[in-house]
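Start at 1 and go down the list; that is how both ligands and their atoms are numbered. Every heavy atom of this structure was used, including side-chain atoms; hydrogens, water molecules and symmetry mates were not.
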Amino acid sequence: MSIRALDLVNLERYPIDDLQSDLAKKVIENCRSQLQKNGACALPGFLKKSVMDSMVEESEKLASKSRRSLWFLNTYTNDDDTSLPENHPRRRWFPSSLCTVAYDQIPTEDKIYILYNCNALTEFIAAALGLEKIYRFADEFQALNVTYMGDGDQLSWHYDLNDFVVTLLLQEPLSGGEFEYAANLRNKDAGEENYDDVAKVYNGSSSHLQIMKQQAGTLVLFQGINSLHRVRCTYGKKKRITTILGYHKNPDYKATNEVNVYLYGPRVQKILEERGVSFDKN
Ligand SMILES: O=C(O)CCC(=O)C(=O)O
Ligand SMILES: [Fe+2]
């Protein structure tokens with residue numbers, strides 16, 4: 001039996017198929033005000049409870065195809081600036097590790113694939129973000145990713161490059177793996193980096209820090225350009241499984257080949273080389 005995207009969503013709570021309904025208007029209004037205040041908005045119970053088990057099962061099946069990444073980065077993902085004092089927040093390095101499955105590896109019959117490709121969901125997310133129109137990424141690898149964080153994995157402090165990120169948590173770990181953030185800690189456009197508070201975030205003393213409560217099935221909209229955030233260390237045998245749904249204001253958004261090889265590794269490099277793309281081997 002083929003499944004429809006709308007069968008996966010808790011429409012009684014989130015009527016994404018009827019954005020003109022009073023409840024949908026209320027939900028959208030609430031998202032916008034949370035985003036304005038916090039740069040973040042969580043929609044708990046977005047997925048129907050009855051579909052969670054099989055979505056987790058599908059994502060666990062996919063995990064064997066995932067690629068493990070290990071990074072040692074600073075918050076600003078740039079090179080070490082030795083002109084700054086050694087203890088400057090730009091010169092603090094943190095490890096990150098997780099496993100990722102790219103969009104081209106996700107079977108079209110998997111529920112997460114079907115959900116991502118649902119126009120009603122795209123329209124709802126645009127409305128919740130207060131945007132006229134958004135599009136699913138045109139990037140064949142980045143559009144939809146499943147990430148797995150097992151015992152000892154974490155995603156260190158960073159700002160996002162995209163205007164917004166949309167995630168859907170499929171499975172909570174036994175312990176840890178919390179999404180922690182400091183809303184609007186900087187103003188990138190104004191060049192105000194607020195390094196004093198960044199240093200406080202690093203040592204856990206910032207009053208801006210919040211932990212987002214997220215149960216499996218929660219959809220999260222997050223504006224991470226100015227809000228410093230991380231996923232705290234995950235513990236235990238049960239993995240934190242999240243999907244990242246890519247949307248953009250531009251209908252043609254694609255990452256460069258180099259970025260995709262950096263993110264997804266030799267498998268993607270081989271695919272691109274077979275199409276005639278060449279990469280500098282220096
Ligand atoms: O896994 C998450 O909850 C958030 C991931 C994140 O911060 C990102 O993909 O930029
Ligand atoms: Fe992020």
Practice task
In plain terms, say whether Lys249 and Asp163 are close enough for a salt bridge, that is, a side-chain N and a carboxylate O under 4.0 Å apart.
Solution key: yes

Exercise for the section: Examine Arg240 relative to Tyr148 and say whether NZ or CZ is less than 6.0 Å from the centre of the six-membered ring and inside a 45° cone about the ring axis. Expected result: no

Handout entry: Residues which pass side-chain contact (heavy atoms from CB on, under 4.5 Å) with Tyr262, listed by chain and number, not counting sequence neighbours
Key = Trp71, Leu73

Exercise for the section: Quick one: sort the Phe179 and Phe222 rings into parallel, tilted or perpendicular, breaks at 30° and 60°. Expected result: perpendicular

Practice task
Name the orientation class of the two ring planes belonging to Tyr103 and Tyr116 (parallel below 30°, tilted from 30 to 60°, perpendicular beyond 60°).
Solution key: perpendicular

Problem - ring pair (Phe, Tyr, Trp, His ring centres under 6.0 Å) partners of Phe46, counting only residues at least two apart - result: Tyr14

Problem - Proximal protein residues to ligand 1, non-hydrogen atoms under 4.0 angstrom - result: Leu155, His158, Asp160, Phe179, His229, Val231, Arg240, Ile244

Practice task
Inspect the contact between Arg68 and Asp153 and indicate whether a charged nitrogen and a carboxylate oxygen are less than 4.0 angstrom apart.
Solution key: yes

Exercise for the section: Check which protein N, O or S atoms are less than 2.8 Å from the Fe ion (ligand 2) and report how many there are. Expected result: 3

Practice task
Please say whether the positively charged group of Lys200, taken as NZ for Lys or CZ for Arg, lies over the ring of Tyr202, i.e. under 6.0 angstrom from the six-membered ring centre and within 45 degrees of the axis.
Solution key: no

Handout entry: Lys/Arg-Asp/Glu bridge criterion (N-O < 4.0 Å) met for Glu58, Lys111
Key = yes

